[in-house]
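In what follows, a single structure is set out as structure tokens and then discussed.
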Amino acid sequence: MSVTGLLADIQQIGRDATSGGYCRPVFSTAEMDLRAWFLGEADRRGLDVEIDRNGIIWAWWGAPGPGSVVTGSHLDSVPGGGAFDGPLGVAAALAAVDVLRADGFTPQRSLAVAVFPEEEGSRFGIACLGSRLMTGKLSADKARSLTDASGTTLAEVFAAGGVDPRHLGRDEDALARVGHYVELHIEQGRGLIDLGRPIAVGSTILGHGRWRATVRGQGNHAGTTLMADRRDPLVAAAQMVGAVSSLARETDDARATVGRFEPVPGGTNVIASEVRFWIDARHPDDAVTLALVERFRSAFEAIASAHGCTVEVREESWSAGVDFDPGLAARLSAALDDAPLLYTGAGHDAGILAEFVPSGMLFTRNPTGISHSPEEYAEDADADHSAFALAQALRGLLS
Ligand code: HGY
Ligand code: MN
Ligand code: MN
């Protein structure tokens with residue numbers, strides 16, 4: 001089946017009819033439906049499926065064993081995300097198996113299609129949670145204690161999703177089986193459309209982190225509290241968000257975002273008592289990112305003080321910048337008609353695995369470059385071409 005055909009099968013799962021955006025948090029009903037879809041497609045292809053201790057799904061063509069080739073991506077989404085971020089890589093992996101088999105290709109190494117849970121970190125706050133657990137970059141205890149917006153722990157959510165949280169953690173066997181990891185993903189940028197090419201090879205992932213700011217003041221009545229008597233954390237937090245944008249704009253090539261802003265209690269006639277907001281900050285140089293966050297912290301303290309409030313900034317997730325294995329990148333490029341090498345400002349499980357096994361990425365052209373939005377898209381021809389490009393890339397590794 002074609003990539004567009006596979007994506008069409010899941011296009012209504014977790015889709016908001018009004019915005020067209022997708023909401024597929026890990027182990028939500030929508031993501032569980034996507035996992036079930038994947039298991040069905042793997043079964044249809046006679047792939048041997050296992051769900052490991054960290055909730056990662058492995059669909060095997062050949063016996064699982066050391067030094068296998070692994071491809072795949074994720075099925076979870078950001079809130080209001082697009083249809084391609086994650087699922088394109090999973091669908092292309094399934095369709096690549098079809099392409100190789102149609103060519104009568106017999107792999108000399110086993111191939112697995114993997115689906116990593118919580119790549120977006122949208123439910124529990126830590127990006128690439130599944131691959132971090134597998135590699136030991138995130139401790140099982142820390143993971144189990146994470147809570148989602150409703151206060152439900154990761155342990156409870158994973159248990160409800162059929163993954164026993166007592167067994168979470170570094171998985172030496174799973175890691176030993178990965179000889180090469182190659183992930184295909186929709187490009188989250190305009191490199192390819194400007195180059196007029198359908199496929200690129202990943203060279204680098206920018207370092208990126210997430211910090212949570214908590215601003216505390218005095219909750220009070222909107223009508224009985226004179227302006228001079230207020231310690232309003234929402235006004236302070238709003239100025240802090242402005243500082244994030246202005247300080248990032250002063251720093252060449254920095255990207256800093258506040259996309260989540262939660263006043264407590266959030267009443268129209270209530271002066272908030274507390275405001276929580278999250279900062280996503282990135283830069284090609286990790287030291288610059290971290291220095292920028294320190295500038296945020298200083299600016300926040302001055303603003304909080306001016307409003308009689310307090311502020312606390314806490315790191316929630318940090319992913320250092322990653323250079324993919326240059327030999328593998330060159331090999332992938334050569335296999336794909338000298339496909340261009342592009343860096344990405346988006347994080348991926350391939351970036352976590354790259355520290356442990358030779359890993360690479362392929363990017364599929366995105367005409368607008370827009371992502372993490374319902375407007376994210378790839379032309380059908382490019383989406384379908386992804387399967388052939390991935391098959392071509394895998395063929396060399398599997399021979
Ligand atoms: O946030 C990211 O960079 C990725 O989409 N998880
Ligand atoms: Mn993604
Ligand atoms: Mn994403």
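Whatever order the structure lists them in is the order used to number ligands and atoms, beginning at 1.
Residue H208 places no N or O, backbone or side chain, under 3.5 Å from any N or O of ligand 1. Polar contact with ligand 1: absent for D280 (N/O pair, distance under 3.5 Å). Residue-to-ligand polar distances keep A346 apart from ligand 1: every N/O pair is separated by 3.5 Å or more.
A donor-acceptor pair is defined here as one N or O able to donate and one able to accept, closer than 3.5 Å; no such pair exists between the side chain of T251 and the backbone of A254. Looking at E156, its side chain does come within 3.5 Å of a backbone N or O of T153 through a donor-acceptor pair. Side-chain atoms of S373 do not come within 3.5 Å of backbone N or O of I370 as any donor-acceptor pair.
Between E250 and R295, at least one side-chain N (NZ, or NE/NH1/NH2) sits under 4.0 Å from a carboxylate O, which counts as a salt bridge.
Annotation: cation-pi geometry satisfied between R395 and F105 (NZ/CZ under 6.0 angstrom from ring centroid, within 45° of ring axis). The cationic group of R101 lies under 6.0 Å from the six-membered ring centre of W61 and within 45° of the ring axis, placing it in a cation-pi geometry.
H348 does not count as a contact of ligand 1, since none of its heavy atoms falls under 4.0 Å from the ligand.
Angle NE2(H185) to the Mn ion (ligand 2) to NE2(H74): 110° [nearest 10 degrees].
For a distance bound of 2.8 Å, the N, O or S atoms of E119 include none lying that close to the Mn ion (ligand 3).
Residue-level check: among N/O/S atoms of E120, OE2 sits closest to the Mn ion (ligand 3). Between the Mn ion (ligand 2) and the N, O or S atoms of D85, the shortest distance is to OD1.
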